[in-house]
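For reference, the structure is listed below as structure tokens.
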Amino acid sequence: MRGAGLADGSDQSDRDARTALGGVTAGAPAVVAALTRLRPRLAAAGLGLGLAHVGEPGLGPAGPAEASAAATMTPGRRREFLAGREAARRALRAMGVDCGEIPREGRLPVFAPGRSASISHSAGIAVAVARAPGEHAPLGCDLELRPLPCDAARLVLDPDEEPLLGAAAESGGGPSSLTGLFSAKEAAWKALHLAPGRAGTASMRTLRDLRAEPCGDALHIGPRIDPRIGPSSRPRLGSRAGQSYGVRVRVLPVGAGVFSYAVGWADADGRSTPEPTARRS
């Protein structure tokens, strides 16, 4: 029955993508189409995909909590908020799960028991990923359609991560560009904050408190053991002595931008693990 539900969800995702294309701005259809093409890859990772656009007709709050939150926002932010909620509901439907309104606590969405999704939006497009009920793998995604300026590197990376940008320059940028690394850290941040017990989030104050390192076709990103250690004392790229555990994050090009999503836990050596585990001494 679960397989049948996922098949139905795939058909629904096609309809949702077509709905998201209604009333979009110039350039957005290509991005929505590119994101839609990622659905099989995301499904293989156990993720449902949902898309929405701030310009599509019929967007509105799904209940009083969403209406109350939206009422405090500027018109642009309100459309973005409602598109994100709708994308989350579509992602959950792709996993065979219905979801009503999604209230918030601070800036975080609050889902009913058994339901969870991660939401991102950029340039008027909202995207969300969701897992099936009972799945506890990390969940986080991020969409970035506007490139970051080079001088933003100091806000994203620590000096020990600068070789990543050097490698990106040699390969022509893309997922390893500053925008890609920012997006990957944003996805990891969400995954860690959504994790049961909020593993390691007490040490996470800025993106520089997360450390990224290549790990096969993904990035290994996790909290630094002690973010107060001076940059000169931090480990060189290629040594994970400065990390305990983390998440594997995949970064994919989407038009001129990138889309990142967490694909699972990884230990300090970058190996996949079902639970967040520290390096054994």
Side-chain angles (χ1 to χ4, degrees), residues 9-10 13-56 79-80 83-88 90-91 94 117-131 138-150 152 156 164-165 167-169 171-191 207 212 214-219 221 247-264:
S10 178
S13 295
D14 287 333
R15 290 193 292 271
D16 290 342
R18 289 193 292 271
T19 301
L21 285 168
V24 299
T25 54
V31 174
V32 171
L35 287 166
T36 301
R37 287 194 293 270
L38 298 180
R39 189 176 65 239
R41 181 188 288 241
L42 294 170
L47 296 171
L49 173 70
L51 299 171
H53 190 276
V54 296
E56 69 180 77
R79 298 290 294 179
E80 191 176 67
R85 269 20 187 202
E86 185 58 32
R90 291 171 181 175
S118 176
I119 304 169
S120 183
H121 25 67
S122 181
I125 295 173
V127 61
V129 294
R131 289 198 185 277
L139 184 62
C141 74
D142 185 72
L143 177 67
E144 299 295 333
L145 300 177
R146 300 184 179 96
L148 266 66
C150 293
V156 180
L164 289 171
L165 288 180
S171 64
S176 295
S177 64
L178 178 59
T179 305
L181 293 168
F182 172 82
S183 180
K185 285 195 171 187
E186 282 283 319
W189 184 286
K190 294 174 184 178
L207 292 182
C215 186
D217 61 351
L219 288 167
I221 303 177
V247 291
R248 290 172 58 85
V249 178
R250 191 157 287 139
V251 186
L252 302 175
V254 176
V258 294
F259 174 68
S260 303
Y261 62 100
V263 293

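All values derive from a computational prediction rather than experimental measurement.
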Where [X] and [Y] come nearest, the two heavy atoms and their spacing:
{"X": "Ala91", "Y": "Ala128", "answer": "CB-O, 3.6 Å"}
{"X": "Leu51", "Y": "Val32", "answer": "CD1-O, 3.8 Å"}
{"X": "Ile119", "Y": "Lys190", "answer": "O-NZ, 2.9 Å"}
{"X": "Ala191", "Y": "Pro138", "answer": "CB-CB, 3.9 Å"}
{"X": "Ala123", "Y": "Leu145", "answer": "CB-CD1, 4.0 Å"}
{"X": "Cys141", "Y": "Val129", "answer": "CB-CG2, 3.8 Å"}

Self-check item: Residue list, side chain to side chain contact (heavy atoms under 4.5 Å, CB included) with Ala152, at least two apart or on another chain
Solution: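 Here the qualifying residues are Leu148, Pro149, Leu178.
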
Are the side chains of [X] and [Y] in touch, meaning some heavy atoms are under 4.5 Å apart?
{"X": "Tyr261", "Y": "Leu49", "result": "no"}
{"X": "Leu42", "Y": "Arg250", "result": "no"}
{"X": "Leu139", "Y": "Leu47", "result": "yes"}
{"X": "Leu143", "Y": "Leu35", "result": "yes"}
{"X": "His121", "Y": "Val54", "result": "no"}
{"X": "Lys185", "Y": "Leu219", "result": "no"}
{"X": "Val31", "Y": "Phe259", "result": "no"}

Self-check item: Separation of Asp142 CG from Ser122 OG (nearest 0.5 Å)
Solution: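 It is 8.0 Å, given to the nearest 0.5 Å.
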
Quiz item: If you round to the nearest 0.5 Å, how far is CG of Leu181 from CD of Glu144?
Solution: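 Separation between the atoms: 11.5 Å.
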
Quiz item: Of all residues at least two apart in sequence or in a different chain, which pass the side-chain hydrogen bond (donor to acceptor under 3.5 Å, both in side chains) check with Ser260?
Solution: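 Here the qualifying residues are Ser183.
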
Self-check item: His53 backbone acceptor or donor facing Arg79 side chain under 3.5 Å
Solution: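 Such a contact is absent between Arg79 side chain and His53 backbone.
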
Quiz item: Where do Glu86 and Arg90 land on the salt bridge (Lys or Arg N to Asp or Glu O under 4.0 Å) test, with the steps shown first?
Solution: CA-CA 6 Å; Glu86 185 58 32; Arg90 291 171 181 175; 3.2 Å; yes

